[in-house]
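To start, the structure itself, in structure tokens.
So you know, we letter chains A, B, ... as the sequences are listed, proteins then strands, and number each from 1.
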Amino acid sequence: MHDINFIRNNPDNFDKFLKLRFLKPHSKKILDLDKSKRVILTSSQDLRSQRKNISSQFASSQDSEKLKLQEEVHLIKEQIDSLEKKLFIIDEEIHLILSSLPNLPDPEVPVGKDEDSNKLIKTIGEIPSFDFNPLAHYDLGENLQMMDFDQAAKVSGSRFVYLKNDFARLERSIANFMLDKHTTDFGYTEVNPPNLVKDAAAFGTGQLPKFSDDLFKTNSDHWLIPTAEVPLTNLHLETITNEKKLPARYTAWTSCYRLEAGSAGRDTRGMIRQHQFSKVELVSLVKPEESNDELERMLNCATSILNDLKLSYRVMLLSSGDMGFSAKKTYDIEVWLPSESKYREISSCSNCGDFQARRMNAKYKSTDGNVYLHTLNGSGLAVGRTLIAIVENYQNKDGSITVPDVLVPYMGGKKTICLK
RNA sequence: GGAGAGAUGGCAGAGCGGUUGAACGCAUCAGUCUUGAAAACUGACAAGGGUGCAAGCCCUUCCUGGGUUCGAAUCCCAGUCUCUCCGCCA
């Protein structure tokens, strides 16, 4: 949500930022609406003031005058009603525009329409070489009889999978390893949040009103969370947080549910893109002046997982056109997948500034008043895709999978996954 | 699903048609006292918005949305959520 005061004071600047997102100027339209709103608002407030005055005289008036006062108020009320009807319509229009425009990019963000303009920040690890032809995760998984796409298709349709046996445990091990690391080493508070949320929460993080097509909706008017970012960030929905509780850092391992309506035909094979996948999410709520540093810290928390797993990856700074709706700056972490011979996204870490906090009215009490928090979120990491990366990068010629050292304790001491 | 109770400021909790934006308390902040702290005492302390150079003035908000009334935190209707008991159930 954008700050109307910022637009009033910097209309040209606002439009310039929108242009970086390849959007047309909006300030003129917004300010015209805002101006007419304020004219109407002022006169309706004057009328309300008059009405109050008359009412306060009522008790001390003669009976003969009371009738007259009643009539006066009646007339004023009609005018107020008509003005406030107009006001409501204008307000709705302003709100819809303000809540449908994406966050303004940080000055450091490279300008460009899509991922081609993303900026490489760093590359870590060697691209692994194999003395045999490495298989894709779905072939490895099916050969081991630990991934079942066919039965999942019968039961649930496309973009679902059954993980079985050691793969099911591997997924659990990965998630536990990540949670342990984030809570113990990095001070995040573990949370097991609701997986179904109401409109207000989905609006708060920016999924609504524009992106309802990406979400599953229940017949009880709940939304299935597309990421734990939604319930974690909304831990501060309509809340004034005590300064002493900042920075607030939360992590959660949840399933994520996405309709993938816009991705028909993309990544249909394997478990890269599923309607349901699990992810360990990181969310921070911090004071405004701390959010830049917090983003770097969060990125470091996420990449440390890949370092420990000894997977090769690179970090990209997303371009203005490739960033998500609520973000003002985003790093993507991409892990190397041998079967595709390329890096694929495994985490996205974003600083949203006060954009989400405005939508959910999340503030903290500072010495000079209540201030909107800054919110950040990042995958730490996508568990399904981490499993893919491990399976493909740790595969052996005989089709078995070596368990990464740090996961061996979580796998009950097992060092290799092979056909039973 | 059935019966009942409730929703008020950061928290707790009065008020149940007319200076009530809201008592008392806790928390917080500032000050006095103190070498310092504690205690005690004094004072400040809801949010959002409009208007104005400013001081200020004004409007809205006591869960949400309607309604009654000259006037609503207070009365009526609908909804949401919470709690208690019964039933069902992982």
Item to check | A:R385 vs A:E334, salt bridge (Lys or Arg N to Asp or Glu O under 4.0 Å): CA-CA, chis, key distance, verdict | outcome: CA-CA 10 Å; A:R385 288 188 179 182; A:E334 301 177 340; over 6 Å; no
Item to check | Contact under 4.0 Å: A:Q70 side-chain N or O vs B:C70 OP1/OP2 | outcome: yes
Next on the checklist: So A:N242, base contact, sugar-phosphate only, or nothing? Heavy-atom distance under 4.0 Å.
Outcome noted: nothing
Next on the checklist: Looking only at the side chain of A:F58 (C-beta and beyond, no hydrogens), which of the listed nucleotides B:G49, B:G18, B:U51 gets closest?
Outcome noted: B:G18
Next on the checklist: In whole Å, measure the gap between the C1' atoms of B:G18 and B:C11 for me.
Outcome noted: 31 Å
Item to check | Sub-4.5 Å side-chain heavy-atom contact between A:L144 and A:F167 | outcome: yes
Item to check | Worked check of salt bridge (Lys or Arg N to Asp or Glu O under 4.0 Å) between A:D221 and A:K217 | outcome: CA-CA 6 Å; A:D221 280 345; A:K217 188 164 196 180; 3.7 Å; yes
Checklist entry - What distance separates A:L306 CG from A:T386 OG1, expressed to the nearest 0.5 Å? => result 6.5 Å
Checklist entry - Between A:H222 (NE2) and B:C81 (C1'), how many Å, whole number? => result 11 Å
Checklist entry - Starting at the 5' end of RNA chain B and moving along, which residue's nearest nucleotide shows up first, A:R38 or A:F88? => result A:R38
Item to check | N or O in side chain of A:R48 less than 4.0 angstrom from B:U60 OP1/OP2 | outcome: yes
Checklist entry - Just how far, in rounded Å, is P of B:U28 from OH of A:Y364? => result 18 Å
Checklist entry - Does A:S49 place a side-chain N or O at less than 4.0 Å from the phosphate oxygens OP1/OP2 of B:C59? => result yes
Checklist outcome for this item: pair_partner(B:C33), Watson-Crick or wobble, both distances < 3.5 Å, evaluates to none
Checklist entry - Hey, does the Lys NZ or Arg CZ of A:K210 hover above the aromatic six-ring of A:F325, less than 6.0 Å from the centre and inside 45° of the axis? => result no
Checklist entry - Between B:C59 atom C1' and A:D46 atom CG, what is the distance in whole Å? => result 9 Å
Next on the checklist: Rounding to an integer number of Å, can you tell me how far A:L237 CG sits from B:U80 P?
Outcome noted: 18 Å
Checklist entry - Looking at A:R358, does any N or O in its side chain come under 4.0 Å of the phosphate oxygens OP1/OP2 on B:G48? => result no
Checklist entry - So what does A:K66 touch, heavy atoms closer than 4.0 Å: a base, only the sugar-phosphate, or nothing? => result nothing
Checklist entry - Considering Watson-Crick and G-U wobble pairs with both distances under 3.5 Å, what does B:G52 pair with? => result none
Item to check | Between P of B:G9 and NZ of A:K365, the distance in whole Å | outcome: 13 Å
Next on the checklist: Categorize A:I54 for me: base, sugar-phosphate, or nothing, with a 4.0 angstrom heavy-atom threshold over every strand shown.
Outcome noted: nothing
Checklist entry - Which value, in whole Å, describes the distance between the C1' atoms of nucleotides B:U64 and B:U8? => result 15 Å
Next on the checklist: Can you measure A:N361 atom CG to B:U64 atom P for me and round it to whole angstrom units?
Outcome noted: 13 Å
Item to check | Under 3.5 Å on both distances, the Watson-Crick or G-U partner of B:G25 | outcome: B:C11
Checklist entry - Separation of A:N5 atom CG from B:G48 atom P, in whole Å? => result 12 Å
Item to check | Ring centroid separation A:H2 to A:F14 under 6.0 Å | outcome: yes
Checklist entry - Taking the C1' atom of each, how far is B:A3 from B:G87, in whole Å? => result 11 Å
Checklist entry - Should A:K77 be listed as having a side-chain N or O under 4.0 Å from OP1 or OP2 of B:G71? => result yes
Checklist entry - Quick one: A:I80 CD1 to B:C58 P, roughly how many Å, whole number? => result 16 Å
Item to check | Sidechain N-carboxylate O distance under 4.0 Å for A:R273, A:D267 | outcome: yes
Checklist entry - If you measure from the P atom in B:C24 to the same atom in B:A72, how many Å do you get, rounded? => result 25 Å
Checklist entry - When we call it a touch if two heavy atoms are under 4.0 Å apart, what does A:L69 touch: a base, just sugar-phosphate, or nothing? => result nothing
Checklist outcome for this item: Any strand, both distances under 3.5 Å, Watson-Crick or G-U wobble: B:A3 pairs with B:U84
Next on the checklist: Need one value for A:K363: base, sugar-phosphate or nothing, where a base atom within 4.0 Å counts as base even if backbone is also close, heavy atoms only.
Outcome noted: sugar-phosphate
